[in-house]
Each structure stands twice: as structure tokens, then as C-alpha cells.
Asks: 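For reference, the structure I am asking about is given below.
Just so we're clear, the structure is a prediction, and the values are computed from it rather than from any experiment. Side chains included, hydrogens not; waters and symmetry mates left out as well; all remaining heavy atoms used.
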Amino acid sequence: MTTTEAIDPVFMFILGSCLVLLIGITAAMVLFVVRYHRSRAPEPTSQVDGSLWLEVVWTAFPTLLVLGMFYYGWSSYLTLRDVPPNALQVTAVGRMWSWNFLYQNGKNSPKLYVPVGKPVQVALESKDVLHGFYVPAFRVKRDVVPGMKNHVWFVAPKPGSYDIFCSQYCGTSHSAMIATIEAVPAEQFEAWLKETKATGAQHPALALLEKHGCLGCHSLDGSQKVGPTFQGIWGRKTDVKTAGKEHEIVVDEAYLKRSIVEPNADVVEHFPPVMPAFAGVLTEEEIRLIIDYFKTSAGGAKLDGAKLAREKGCLACHSLDGSKGVGPSFKAIFGTKVKVVRNGKPEMATVDETYLKESILKPSAAVVDGFPPVMPVEDDLSPDEVSALVQFIKELK
């Protein structure tokens, strides 16, 4: 018996019992309202003080119903905990806010690959806080508690992709802590399991980032998550807070190593200090591998400021050729002085990086004289996207 076969009959039994009770109680209420309405029976006529058989029924029936629920529930619970002896062994490691799955041959994956028709036992581990391993398709849900051993098992009846959710609130990106079970034919699964790092296309540093849950908080494509994106990270200028003081740094090797080992030493502005320290978790060689990856693969993929300006609609109001639009032209604007209105008072401002960032994030703070204050607040831009836009405007001649 699979987990689905164990749970579904219990659910249908309880649902059916509830429906019978609902219909029965509703029918009795309607009958009593009609039969004993004041217009039909203005005065009570019954002289009965009690009914033994009625009391036996309403005592015995709920007792039998509860015992039946207990029996089906307990037998199904035993099925859920009784793992078949030939089950495939996998370990699911949960952390804020991602899953990683480890196989007995040392292979790991952000997706849980399983063979169709074979029992799979998943040992549950948490590296930080309370999580929940929930797969609706297979009727399994189990808490993943730090320092506590737990497991689930299931059988995927047919090929397909099945969602895995975290069922316990675990912080900012709890809702994004989603993975999938990829059920494939047994031959295809065996071939995938035997694939080595040498034959796979994945960069070894990327495998480390997936294994340790880094990609649950940091994107590779420039999109905003709990932490700064890894795209174009090498050499990027970033505002950080160190010991409560704000200052600008350039992302170099020393900064990256410090951010991995002591992530709360320099916290990037506008991001929460929730990253765990990896001192003692990653070896020096692994840290070096990740930094080298940022220098080349991830670091070389810079955000395209021109593309962002088009996608965000900036060029609908700001020209690139010096012509006047709804807003000032971007052409050769960097380094010039402009007359702005700040807090109702006119003043002169130099168009530098600080001014441009403020104009993007808080456009009504300093409005250029002669232009309407109609620019919308771009509160969905990540710090990296803002920096890319500033760099794009800065380079326009």
C-alpha cells in the first residue's frame, strides 16, 4: 500500500461521515422548524420526560464514529511510518529558503529525481530553522526540525513533475521555498544517477552554490531575491553597512571571502542580515572555486543598463539624443549641473551617482526645474539594477 492509498480512504471516510451528519442535522432542524412552528403547535403537548433509546443512540453513534476514525487513522499512520525494505534512500536538506537532495553515491540536486513505481524514503534535515516537507500529490507532510531525525516515504505512480512546498513559516522567502519531484522511468533515473560531474554541464562552483542553498536567496539572472544577485557581482560598487556605518565598497576577492565566512560584517544596503556564516562549512578550496566563478561566469554577466532603461519605460520620457521630452534627456547629463526644486525651494545639483540613484528611487525628492513631477517610483528595482541604470546614463556622451 502506498501513502496515497493509505490517506485517501481515511479522507473519504471522514468527509462522508461529515456529509451524513450535515445532511442529517440540517434535515432534522428543518423538520422541527416546520413541524413544531408556533402556528402549528402554540402549546407544548408532549409529556415525555426522557427517552432511553434516544440517549443510547446519540451516545453510541458518536462513540462508534470516533472509534472508526481512530482505527482508520492509526492504520494509515502505521503505513506512513512503515517504509518498504527496498526503498531508495535520499536525504532532503532544508535551509532558508531552498531544498537540496543528497543521494547515497554522493550526488546532490536541487530537484528530487525518483524512479517511477519504486518506494523512496526521504530523510529530513534542517540546517537552520523549522521547515515542513509537503508533497500534496503523494499525501505526505512532515516537519523538518533542526537536530531531529525524521522521514517520509512515497511512490510516484507515473512520470511527471510534482511540487514540494515548505509547510512551516520559515522567514522572508518562505513562499518561494518550492522544489519539485521529477519522476522518471527507472532506466532514465539510473542513467541520471550515474552521471558524474565530468560528464555534466554544471560548473562545480554552481553545484556548491546549489548544495549549500545559496541560490535560494541569490539569483543568477539579476532578479531580486532576499540577497543581492550574483549576476555581474565581480567589480561592482555596492553600498554596505559595516558596524552601523554606511560606505561604498568594490566587490573584490577580499570582500567576497569575508561575505562568505562572516556575512554580517558588511551587510548590503536594503537587504536583511539573515545569511548564515559558512566558516567551517566550506573549505578554502571551495571558497576559492566560488570566488573564481564570480570572477568569470557569474561576474562576467553584467546587467544591461540600456535594456533595463527600455524595459522599464525610461526612454518614453527621457531621450538619448538631447531632444526635450517629458523628462530631461539622458545624453551627456552626467557631471552637469541642473536647477532642481527640493522641499519647495530651488537649488543647484550636480548630476553624479548619488543624484541619479535618488532620482530613480525617489524621483519627487528633487524635481528638475521646468519639468513636471510625474515620474513614478521604481520600488521594484534591485540595487544592482539601479547601479546598472546609473552606469548606463553615466556612459552616455
Asks: Between OH of Y355 and OG of S359, what distance do you get to the nearest 0.5 Å?
Replies: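 Answer for the OH-OG pair, Y355 versus S359, is 4.0 Å.
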Asks: Applying side chain to side chain contact (heavy atoms under 4.5 Å, CB included) to D239 and E248, what does each step give before you reach the verdict?
Replies: CA-CA 4 Å; D239 293 325; E248 186 179 75; 3.7 Å; yes
Asks: Suppose clustering is done on Ile, Leu, Val, Met, Phe, Trp and Tyr with side-chain heavy atoms closer than 4.5 Å. Which residues sit in the same group as L54?
Replies: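 Its cluster mates, by chain and number, are W53, V57, W58.
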Asks: Less than 4.5 Å apart, any side-chain heavy atom of V367 and any of V340?
Replies: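 The answer is no, as the side chains (C-beta and beyond) never meet within the 4.5 Å cut-off.
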Asks: Flag yes if more than 12 heavy atoms outside F189 fall under 6.0 Å of its CZ atom; otherwise flag no.
Replies: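 For F189, atom CZ is crowded (more than 12 foreign heavy atoms under 6.0 Å).
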Asks: Same cluster or not: V386 versus F334, using hydrophobic residues (I, L, V, M, F, W, Y) connected whenever any side-chain heavy atoms lie under 4.5 Å apart?
Replies: yes
Asks: With ILVMFWY side chains joined below 4.5 Å, transitively, what does L52's cluster contain besides itself?
Replies: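 Hydrophobic cluster check, L52: joined to V56.
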Asks: Considering only Ile, Leu, Val, Met, Phe, Trp and Tyr, and joining two whenever side-chain heavy atoms are under 4.5 Å apart, list the other residues clustered with V250.
Replies: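 Taking Ile, Leu, Val, Met, Phe, Trp and Tyr as members, V250 stands alone, with no cluster partners.
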Asks: Using modelled atom types and a 3.5 Å cut-off, is there a donor and acceptor pairing between side-chain atoms of N343 and backbone atoms of K345?
Replies: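 No, N343 side chain to K345 backbone: no donor-acceptor pair under 3.5 Å.
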Asks: Do V129 and F165 share a hydrophobic cluster (ILVMFWY, side-chain heavy atoms under 4.5 Å, transitive)?
Replies: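 Shared cluster, no.
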Asks: Flag the pair P346 / K339 as yes when at least one side-chain heavy-atom distance between them is below 4.5 Å, and no otherwise.
Replies: yes
Asks: Report yes if the side chains of F392 and L308 come closer than 4.5 Å at any heavy-atom pair, otherwise no.
Replies: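 Sidechains of L308 and F392: no contact.
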Asks: Does any non-hydrogen side-chain atom of Q231 lie less than 4.5 Å from one of S219?
Replies: no
Asks: What is the distance from atom NZ of K394 to atom CG of D352, rounded to the nearest 0.5 Å?
Replies: 9.5 Å
Asks: Does M177 have any side-chain contact (heavy atoms from CB on, under 4.5 Å) partners at least two apart in sequence or in another chain, and if so, which?
Replies: W97, W99, H131, C166, C170
Asks: Are V90 and V83 joined in one hydrophobic group, where the rule is that I, L, V, M, F, W and Y side chains link up if heavy atoms are under 4.5 Å apart?
Replies: no
Asks: Apply side chain to side chain contact (heavy atoms under 4.5 Å, CB included) to residues V338 and V351 and explain how you reach the verdict.
Replies: CA-CA 7 Å; V338 293; V351 180; 4.0 Å; yes
Asks: I'd like to check P373 versus S364 (side-chain heavy atoms, cut-off strictly below 4.5 Å). Are they in contact?
Replies: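 Side-chain contact under 4.5 Å: no.
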Asks: Run the numbers on T242 and H247 for side chain to side chain donor-acceptor pair (under 3.5 Å), then give the verdict.
Replies: CA-CA 8 Å; T242 304; H247 63 104; 2.8 Å; yes
Asks: Indicate every side-chain donor-acceptor pair of residues 318-326 with a distance under 3.5 Å to a residue at least two apart or in another chain.
Replies:
unit_1: H318; atom_1: ND1; unit_2: P328; atom_2: O; d: 2.7
unit_1: S319; atom_1: OG; unit_2: D321; atom_2: OD1; d: 3.3
unit_1: S319; atom_1: OG; unit_2: S323; atom_2: N; d: 3.3
unit_1: S319; atom_1: OG; unit_2: S323; atom_2: O; d: 2.6
unit_1: S319; atom_1: OG; unit_2: S323; atom_2: OG; d: 3.4
unit_1: S319; atom_1: OG; unit_2: S329; atom_2: OG; d: 2.9
unit_1: D321; atom_1: OD1; unit_2: S323; atom_2: N; d: 3.0
unit_1: D321; atom_1: OD1; unit_2: S323; atom_2: OG; d: 2.6

Asks: Using a 3.5 Å cut-off and no angle test, enumerate the donor-acceptor pairs between side-chain atoms of residues 148-156 and protein atoms at least two apart in sequence or in another chain.
Replies:
unit_1: N150; atom_1: OD1; unit_2: R81; atom_2: NH2; d: 3.2
unit_1: N150; atom_1: OD1; unit_2: R142; atom_2: NE; d: 3.3
unit_1: N150; atom_1: ND2; unit_2: D143; atom_2: O; d: 3.3
unit_1: H151; atom_1: ND1; unit_2: R81; atom_2: NH2; d: 3.3
unit_1: W153; atom_1: NE1; unit_2: T79; atom_2: O; d: 3.0
unit_1: W153; atom_1: NE1; unit_2: L80; atom_2: O; d: 3.1

Asks: Can F278 be reached from F271 by stepping across I, L, V, M, F, W or Y side chains whose heavy atoms are under 4.5 Å apart?
Replies: yes
Asks: Under 3.5 Å, sequence neighbours excluded: what are the donor-acceptor pairs made by side chains of residues 9-28?
Replies:
unit_1: S17; atom_1: OG; unit_2: F13; atom_2: O; d: 2.9
unit_1: T26; atom_1: OG1; unit_2: L22; atom_2: O; d: 2.6

Asks: In Å, rounded to the nearest 0.5 Å, how long is the span from CZ of F294 to CG of L209?
Replies: 5.0 Å
Asks: Under 3.5 Å, which donor-acceptor pairs link side chains of residues 284-291 to any protein atom two or more places apart or in another chain?
Replies:
unit_1: E284; atom_1: OE1; unit_2: K257; atom_2: NZ; d: 3.1
unit_1: E286; atom_1: OE1; unit_2: T283; atom_2: N; d: 3.0
unit_1: R288; atom_1: NH1; unit_2: E253; atom_2: OE1; d: 3.3
unit_1: R288; atom_1: NH1; unit_2: E253; atom_2: OE2; d: 3.1
unit_1: R288; atom_1: NH2; unit_2: E253; atom_2: OE2; d: 2.4

Asks: Quick one: side chains of residues 134-141, donor-acceptor pairs under 3.5 Å with protein atoms, not counting sequence neighbours, listed by atom name and distance.
Replies:
unit_1: R139; atom_1: NE; unit_2: D8; atom_2: OD1; d: 2.8
unit_1: R139; atom_1: NH1; unit_2: P136; atom_2: O; d: 3.0
unit_1: R139; atom_1: NH1; unit_2: A137; atom_2: O; d: 3.0
unit_1: R139; atom_1: NH2; unit_2: D8; atom_2: OD1; d: 3.4
unit_1: R139; atom_1: NH2; unit_2: D8; atom_2: OD2; d: 3.4

Asks: Would L215 and Y293 show up in the same hydrophobic cluster when neighbours are defined by side-chain heavy atoms closer than 4.5 Å?
Replies: yes
Asks: For D163 versus T180, what's the shortest heavy-atom pair and its separation?
Replies: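 Residues D163 and T180, closest heavy atoms: OD1-CG2, 3.9 Å.
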Asks: To the nearest 0.5 Å, tell me how far K362 NZ sits from E358 CD.
Replies: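 Reported value, rounded in 0.5 Å steps: 7.0 Å.
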Asks: Counting only heavy atoms not in M348, do more than 12 sit closer than 6.0 Å to its CE atom?
Replies: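 Count over threshold, so yes.
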Asks: Grab the two heavy atoms, one from V226 and one from P272, that are nearest each other, plus how far apart they are.
Replies: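 Distance-wise, the nearest heavy atoms are O-CD, 3.6 Å.
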Asks: Please give me the minimum heavy-atom distance between I260 and M275, naming the atom from each residue.
Replies: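 Of all heavy-atom pairs spanning I260 and M275, the closest is CA-CE, 4.2 Å.
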Asks: Under 3.5 Å, which donor-acceptor pairs do the side chains of residues 111-125 form with other protein atoms, sequence neighbours left out?
Replies:
unit_1: Q121; atom_1: OE1; unit_2: Q89; atom_2: NE2; d: 3.2

Asks: Just wondering, do V251 and L256 contact through their side chains at under 4.5 Å, heavy atoms?
Replies: yes
Asks: T350: which residues meet the side chain to side chain donor-acceptor pair (under 3.5 Å) condition with it, sequence neighbours left out?
Replies: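 Side chain to side chain donor-acceptor pair (under 3.5 Å) check on T350 returns K337.
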Asks: Rounded at 0.5 Å granularity, tell me how far CD in E269 sits from OG1 in T238.
Replies: 10.5 Å
Asks: Could you tell me if the side chain of R258 sits less than 4.5 Å from the side chain of D266, heavy atoms only?
Replies: yes
Asks: If you define the side chain from C-beta out and look only at heavy atoms, does anything of R95 sit under 4.5 Å from P276?
Replies: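 No, every pair of side-chain atoms sits at 4.5 Å or beyond.
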Asks: Going through the checks in order, is the side chain to side chain contact (heavy atoms under 4.5 Å, CB included) test met by I393 and I333?
Replies: CA-CA 8 Å; I393 298 170; I333 193 174; 3.6 Å; yes
Asks: Taking all heavy atoms of N108 and all of K211, pick out the closest pair and write down the distance.
Replies: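 What the structure gives for the nearest pair is OD1-CB, 3.8 Å.
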Asks: Is there a donor-acceptor contact under 3.5 Å from the side chain of H218 to the main chain of K225?
Replies: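 No; judged by distance alone, with no hydrogens or angles, the pair does not exist.
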Asks: Can you say whether the rings of F133 and F101 are parallel (under 30°), tilted (30 to 60°) or perpendicular (over 60°)?
Replies: perpendicular
Asks: For a quick test of reading the model, state the closest non-hydrogen atom pair linking E182 to S161 and the distance between them.
Replies: OE2-OG, 3.0 Å
Asks: Any donor and acceptor pair, going by atom type alone, linking the side chain of H212 with main-chain N or O of C214 inside 3.5 Å?
Replies: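 Looks like no, no N/O pair under 3.5 Å.
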Asks: Give the C-alpha distance, both sets of side-chain angles, the deciding distance and a yes or no for side chain to side chain contact (heavy atoms under 4.5 Å, CB included) between L389 and I360.
Replies: CA-CA 9 Å; L389 286 171; I360 294 170; 4.0 Å; yes
Asks: Could you note down all residue pairs passing salt bridge (charged side-chain N to carboxylate O under 4.0 Å, His left out) where residues 85-94 supplies at least one of them, sequence neighbours left out?
Replies: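 Every pair satisfying salt bridge (charged side-chain N to carboxylate O under 4.0 Å, His left out) with a residue in residues 85-94: there are none.
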